[in-house]
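Worksheet: one structure, shown below.
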Amino acid sequence: MAARGARMAVIGARCARSCSYTTAARAAVCSLGARQLHGAPVVRRSRATSTPAPHRATHTSAAATPTPAVTGAELTGDDGVVLLQWADGVAARFHAEWLRDHCQCPACWDHRTTQRRISLHEWSMPEGSVAGAGVTGVRVSGSEAVGEVVERSAAGVAGVHASLRLAATEEIARQGGGVVEATVPGRDGAHTVVLAGGHLRQHAYWPANDAAVASGMGAGSWARDKADLREALPRRAFRGGDFDGGRALPSVTLEELQGRRGLFKLLRDIHVHGVGTVTGVPLSEEATEAVVRRVAFPAASLYSQGMWVTEIRPDSDNDTAYTADDLPPHTDGTYLGDMPGLQVFHALVSDAPRGRTLLVDGLAVADDLRERHPAAFDFFCRQRLPFFKVDDTHDLREMRRVITVDPDTGDFAGIAFNDVDRAPVHLPADVIPRFYEHMRDLSALCNDPRNALWTDLVPGTVMLMNNRRVMHGRSAFNVESGRLLSGCYVDEDEWRSRLLVELRGVRERGEALW
């Protein structure tokens, strides 16, 4: 430990001698360190106690568009079904149980946390009795009556305090479209369901006329939100000659990252291109961590509790990353049940021009494979392969598909390719020849020079890449160079959630996406 401390001190002095930074850059990282980034203060190492505050996304679409008012409601005579009509002519039907399940009154739903306050078991009657009884009454009011409706729904209900009522009033009014009240019998007696017209419109699942079908109703709100993201921020595959041959990756400055616009641009770049960078970052693990925490907290892994430092370990028996050897294109953590979402690199000490970084876009590879070798593409979408990491302290094994596609759209969703960590193949005898045939095709595309984007990890520039899309590798370098990287992983859910939150914020502020 003493030797390592001395080495780090020498490295710190070397970094200080080799680089200088503007006053603005130093002030920026100090500001990042002093503030609570993403809800947690910057610390030397990520600890279990340093947990960012959650950022809940509402159940409304990121695209803020006015909702037409509900103008009519009637009981159709079918068991448990209500017919609603909006001012633009769109009509939809709803089952009584669905209405009861999605009630937005403050007794049933906490709008501060977007969580239910009552479980289905508490109100659902056995053998579909609620659906059989159906809705016994329905009423439509304008948005100006939301407060009155909420207060009426909460009257006499224990535990529904003022903050719950206020949150319900504000959110139902914000969703727009008026407010619908429907009386639905259940295990807990007859309950007056309260729902915003906008909420009903967004989550309507049963279109009742051609206008509703034409509006896209029935596709499901999650599918519509997914389509909205695909249209607003379409992904762009990169190849070897893009970004000025790897010399000009998408970037924001450290100063820009302190604002929400800069944060959105970084997240947008990672989503669209698979990679983004932050320039002007001081050479320290703390400064690297401050950048990461602007996006999300560093994820714990088998390598560290958060941030890690990759340095040469000549006798390493843990991972080839700690050697000076070249590494073929690969994704990290293929042997884990939950692969890392983002991979972060910051060169504190470089060995340029040796030790160059290789990036290969899995989106481009998958597109090529689907077009040139459709049988291979289908094979890797269906067939799970074994990956492992087994040593004295770990026994990690995972069967996973190399290529995943969106189940709704068929679009490329991710790649998990690591020939180094691929375990012995145990497949049926008749599948083995096809496996090697298709593996040759896939490997050829992953190693095709036309798909190889070579770039340098520059001290002062933090690179963040989508580990589930972009494969990375490197060329060999001098074992005596002192090459030193700081970095970490970020969980997929965390950075994706942050992207959607910031996208919603951009739209609410009326800013351009590009």
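Keep in mind that what you see is a predicted model, and the values were worked out from it rather than measured.
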* Any M307 side-chain heavy atom under 4.5 Å of S486 side chain -> yes
* Asked: Looking only at atom types and distance, does a side-chain atom of S475 sit under 3.5 Å from a main-chain N or O of R356, one as donor and one as acceptor?
  -> yes
* Asked: What closest approach, in Å, do G333 and P340 show between heavy atoms, and which atom pair accounts for it?
  -> CA-CD, 3.9 Å
* For the residue pair Q383 and R434, establish whether any side-chain heavy-atom pair is separated by less than 4.5 Å. => no
* Asked: L358 versus L327: any side-chain heavy-atom pair under 4.5 Å?
  -> no
* Structure fact -> For F380 and L369 the tightest heavy-atom approach is CD1-CD2, 4.2 Å
* To do: Check the pair R483, L457 against side-chain contact (heavy atoms from CB on, under 4.5 Å), reporting the backbone distance first and the verdict last.
  => CA-CA 11 Å; R483 188 176 194 261; L457 294 178; 3.9 Å; yes
* To do: Supply the atom-to-atom distance R384 CZ to R401 CZ, rounded to the nearest 0.5 angstrom.
  => 6.5 Å
* To do: May I ask you to say whether E171 pairs ionically with R174, meaning some side-chain N is under 4.0 Å from a carboxylate O?
  => yes
* To do: May I ask you to test the C488-E289 pair for a side-chain heavy-atom distance under 4.5 Å?
  => no
* Asked: Would you say H330's side chain and H472's backbone share a donor-acceptor pair under 3.5 angstrom?
  -> yes
* To do: Could you tell me whether the side chain of V462 reaches within less than 4.5 Å of the side chain of L254, counting heavy atoms only?
  => no
* Asked: If you draw a 6.0 Å radius around CZ in R509, do more than 12 non-hydrogen atoms from other residues or ligands fall strictly inside?
  -> yes
* Does T288 use its side chain to pair, donor to acceptor, with the backbone of S284 at less than 3.5 Å? -> yes
* Asked: Within the side chain of T404, is there an N or O that forms a donor-acceptor pair under 3.5 Å with the backbone of G414?
  -> yes
* Any donor-acceptor N or O pair under 3.5 Å, side chains H121, S119 -> no
* Quick one: is the NZ or CZ of R468 closer than 6.0 Å to the six-membered ring centre of W495, and within 45° of its axis? -> no
* Asked: Checking N418 side chain against D421 main chain: does a donor-acceptor pair fall under 3.5 Å?
  -> yes
* Asked: Atom NE2 in H273, atom CE in M465: separation rounded to 0.5 Å?
  -> 15.0 Å
* Centroid-to-centroid, H394 to Y335, below 6.0 Å? -> no
* Between N451, T331, L445, I415, which is the residue that forms a side chain to side chain contact (heavy atoms under 4.5 Å, CB included) with V360? -> N451
* So H199 and Q104, side-chain contact (heavy atoms from CB on, under 4.5 Å) or not? Walk me through it. -> CA-CA 9 Å; H199 187 80; Q104 293 182 290; 3.6 Å; yes
* For D408 and K226, work out which heavy atoms get closest and say how close. => OD2-NZ, 2.9 Å
* To do: Indicate the atoms forming the closest heavy-atom contact of C103 with W109, along with that distance.
  => O-CB, 3.6 Å
* Asked: Can you find a heavy atom in the side chain of V275 that is under 4.5 Å from one in the side chain of D361?
  -> no
* Structure fact -> Looking only at heavy atoms, the pair that brings R235 and L363 closest together is CB-CD2, 4.0 Å
* **Inter-residue atom distance R496.CZ - D491.CG, 0.5 Å rounding** => 13.0 Å
* To do: May I ask you to decide whether E502 forms a salt bridge with R498, counting only side-chain N to carboxylate O separations under 4.0 Å?
  => yes
* To do: Give a yes or no on whether the backbone of T334 and the side-chain of R400 come within a donor-acceptor separation of less than 3.5 Å.
  => yes
* Would you give the length of the straight line joining atom CG of L263 to atom CD of E256, rounded to the nearest 0.5 angstrom? => 12.0 Å
* Asked: Taking the side chain as C-beta and beyond, is there a heavy-atom pair between D101 and R116 under 4.5 Å?
  -> yes
* To do: Return yes if a side-chain donor-acceptor contact under 3.5 Å exists between Y489 and D332, otherwise no.
  => yes
* Asked: Would you call the rings of F435 and F379 parallel, tilted or perpendicular if under 30° counts as parallel and over 60° as perpendicular?
  -> tilted
* Asked: Charged N to carboxylate O under 4.0 angstrom, R230 versus D406?
  -> no
* Can V365 and M471 be said to form a side-chain contact (heavy atoms from CB on, under 4.5 Å), step by step? -> CA-CA 10 Å; V365 169; M471 294 168 276; 4.1 Å; yes
* Between atom OG1 of T357 and atom CE of M463, what is the distance when rounded to the nearest 0.5 Å? -> 5.5 Å
* **Side-chain donor or acceptor of D269 paired with backbone N/O of L266 under 3.5 Å** => no
* **Under 3.5 Å: donor-acceptor pair, side chain of R469, backbone of N466** => no
* To do: Working to the nearest 0.5 Å, report the span between OG1 of T279 and CG of L257.
  => 10.0 Å
* **side-chain contact (heavy atoms from CB on, under 4.5 Å) between R422 and M439, worked out** => CA-CA 12 Å; R422 183 163 52 81; M439 196 65 176; 3.6 Å; yes
* Over all heavy atoms of both residues, which pair between W514 and P234 is shortest? Give the atoms and the distance, please. => CZ2-CD, 4.4 Å
* Is the backbone N or O of R450 less than 3.5 Å from a side-chain atom of D448, with the two atoms forming a donor-acceptor pair by type? -> yes
* Asked: With distance as the sole test, does H346 use its side chain to make a donor-acceptor pair with the main-chain N or O of L485 at under 3.5 Å?
  -> no
* Sub-4.5 Å side-chain heavy-atom contact between I403 and R370 -> no
